[in-house]
Protein chains: 2
Amino acid sequence: MTTQDRLIESTRTLLWERGYVGTSPKAIQQLAGVGQGSMYHHFTGKPDLALAAITRTAEERRAQAEAQLGGPGTAVERITAYLRREREVLRGCPVGRLTQDPDVMADPALRRPVEQMFAWLRERLAGILAEGLTAGELRPVLDPAATAATVVATLQGGYVLARAAAATGPFDQAIDGLLGLLTAAATSAPGSAA
Amino acid sequence: MTTQDRLIESTRTLLWERGYVGTSPKAIQQLAGVGQGSMYHHFTGKPDLALAAITRTAEERRAQAEAQLGGPGTAVERITAYLRREREVLRGCPVGRLTQDPDVMADPALRRPVEQMFAWLRERLAGILAEGLTAGELRPVLDPAATAATVVATLQGGYVLARAAAATGPFDQAIDGLLGLLTAAATSAPGSAA
DNA sequence: GTCTATAGCTGGATAGAC
DNA sequence: GTCTATCCAGCTATAGAC
C-alpha cells in the first residue's frame, strides 16, 4: 500500500469513528504511520484528504449495495438480501454519519459524494420496487420512490437506534419490522393468519 | 431567563448544530451573551453544561412525542399524527444526532438521556401498535416491537436523507412510504385497487 | 519524498481581583 | 456572581533542511 493509500485509509477510519471536526491531521498521520511532512507533501491539507477518503467510502458503499441489489431474485428478495447483509451496525454508516457533520455539508466538494450516493441508492431501490409492482409482486398502491426512501431511511435510522441502545437489537428489529410490512404489502399475503 | 438558562439554551442550540466536539465553551458563552467567569461559576465545565442541555432536549422531545401519541384516535391515526407533525427537518433530530458523537456516547451520564428517550419512544409506539393489533386494525402478522423500531428508524433515517439531499423531500417521501406500507398492512386494505 | 522546527490560533480550564 | 489575566495542550499549516 502506498503512502497516499495509507493516509486515505487512515482518514476513512477516523472520519467514520470521529467525524470531520473530531479528526486531526496529527491523528491521521499517527494511524497511518506517516510523518507530518510526508502528509503535506501528498495532500494540501485536511479537506483534501477528506475528499479522497469520502469519495472512496461512498464508492465502496455503492458497490457493496449493488452486489446485493444487482443479484438474482424477485424485487423483495433482492431488497431483503440487501437489508440482511452483514453490517458493522454499531459503527454506523460511514456515509450517513457525514450528514451530521456541518463542516462536510458546508463544503460542496465534500458534500457531493454523500448526496450522490444516497440519490443513487434511492433511485436504484425505486427501480427495483417498480419492477416488483409491474410483476404483480407488490400491491399497486405502493409508491416506488416513497417506499425506496423508507427502505433507506429504515437502515440509516436503524444505525441510530442501535448506537443509542449500544446494542444491535434495535437495528435488527427495525429491519424485521420493515420486512414484515413489505411482506404484508405483498399481493400474496392477505389471507394468511387470524 | 436566568444566566443558567441562557447557557443551557445556548448549549442546546450548538450541540444540535455542531455536535459535542464542534461546540466550544467560548462559543457557548458568546451565543448566550455570558462571560467566561460567569459560565464557570454556574457549571463545572463543558460536560456539565452538555448534561444539562442534553437532559432538557431529551425531555422536550419526549413531551412533544407524547402530545401526538397520547391524543385521540386509532393506533394508525395517532402514529400518523406523530409522523406528520411539523419538524425542522433539515436541522435533524437533536437527540438522534448525539448518537454520532463518540465523546457523548463514551460518557455514561451524557449517554443516558439519549438511550432512555429512544427506549421510551420505541416502547410507547410498540404499545400503541399492540392496541391496534388487538383492535383488529392491523394484520396480526405484524410484530409490535419490530414495527415500532421501524417507525422510529424511518424518522431518524429520514433526517439523514434530507440532510444528504439538502432538501426536505426525501424525509417526506420516507414518511409517505411508511404510511403507505402501514395502510397496506391494515386489515381493511386488501381489496382496494389492482 | 520525508524530517524537524516553528508559528499562530483555539480549546478548555484555573486564579484571583472586583 | 462576574470580570480579566493567564496557562498549557492541541490543531492546522508553513518553512526549510536533508
Side-chain angles (χ1 to χ4, degrees), chain A residues 1-55 97-98 100-111, chain B residues 1-57 97-98 100-111:
Chain A
M1 205 158 49
T2 74
T3 298
Q4 279 103 321
D5 266 328
R6 286 219 306 288
L7 284 166
I8 293 174
E9 289 306 310
S10 164
T11 305
R12 294 216 300 154
T13 301
L14 289 168
L15 282 183
W16 194 358
E17 256 172 37
R18 311 210 27 92
Y20 188 82
V21 239
T23 297
S24 71
K26 189 176 189 173
I28 292 172
Q29 296 151 27
Q30 287 174 342
L31 182 59
V34 161
Q36 177 113 324
S38 188
M39 192 197 96
Y40 281 105
H41 172 74
H42 292 292
F43 297 91
T44 66
K46 185 173 160 176
D48 191 26
L49 260 165
L51 178 58
I54 292 173
T55 303
R97 95 97 68 214
L98 297 170
Q100 302 299 322
D101 228 311
D103 291 357
V104 170
M105 292 295 101
D107 183 333
L110 296 183
R111 172 202 196 74
Chain B
M1 203 159 48
T2 74
T3 298
Q4 280 102 322
D5 266 328
R6 286 220 304 289
L7 284 165
I8 293 175
E9 290 306 311
S10 164
T11 305
R12 295 217 296 155
T13 300
L14 289 169
L15 283 183
W16 194 357
E17 257 172 36
R18 311 207 29 90
Y20 187 82
V21 236
T23 297
S24 71
K26 189 175 188 174
I28 293 172
Q29 295 151 26
Q30 287 175 340
L31 182 59
V34 161
Q36 177 114 324
S38 188
M39 192 197 95
Y40 280 104
H41 172 75
H42 292 292
F43 296 91
T44 67
K46 183 172 162 176
D48 191 27
L49 261 165
L51 178 58
I54 292 173
T55 302
R56 188 177 286 187
T57 296
R97 91 103 65 216
L98 297 170
Q100 302 299 325
D101 228 311
D103 292 357
V104 171
M105 292 296 101
D107 183 332
L110 297 183
R111 171 199 198 78

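Owing to the predicted nature of the structure, the values given are computational and were not obtained by experimental measurement. Sequence lines set the chain letters: A, B, ... in the order given, protein chains first and strands last, and positions in each chain run from 1.
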**Asked** What nucleic acid atoms does T23(A) come within less than 4.0 Å of, heavy atoms only: base, sugar-phosphate, or nothing?
**Response** sugar-phosphate
Counting only side-chain nitrogens and oxygens, does [X] get under 4.0 Å of the OP1 or OP2 atom of [N]?
X      : N       : value
K26(B) : dG11(C) : no
T3(B)  : dG1(D)  : no
H42(B) : dT2(D)  : yes

**Request:** Check step by step if side chain to side chain contact (heavy atoms under 4.5 Å, CB included) holds for D107(A) and R111(A).
**Result:** CA-CA 6 Å; D107(A) 183 333; R111(A) 172 202 196 74; over 6 Å; no
Atom [atom1] of [X] and atom [atom2] of [N]: how far apart are they, to the nearest Å?
X      : N       : atom1 : atom2 : value
M39(B) : dG1(D)  : CE    : C1'   : 15 Å
Y40(B) : dT2(D)  : OH    : P     : 16 Å
F43(B) : dG11(C) : CZ    : P     : 19 Å
H41(B) : dC18(C) : NE2   : C1'   : 14 Å

**Complete:** Tested for side-chain contact (heavy atoms from CB on, under 4.5 Å) against L110(B), the lone hit among D103(B), L98(B), L51(B), D101(B) is L51(B)
**Prompt:** Any side-chain heavy-atom pair from Y20(B) and P47(B) closer than 4.5 angstrom?
**Reply:** yes
**Complete:** Assert: residue with more 5' nearest nucleotide on DNA chain D, out of T44(A) and A27(A), is A27(A)
**Complete:** Assert: residue with more 5' nearest nucleotide on DNA chain D, out of G37(A) and Y20(A), is Y20(A)
**Asked** Out of H41(B), Q29(B), K26(B), which residue meets the side chain to side chain donor-acceptor pair (under 3.5 Å) rule with Q36(B)?
**Response** Q29(B)
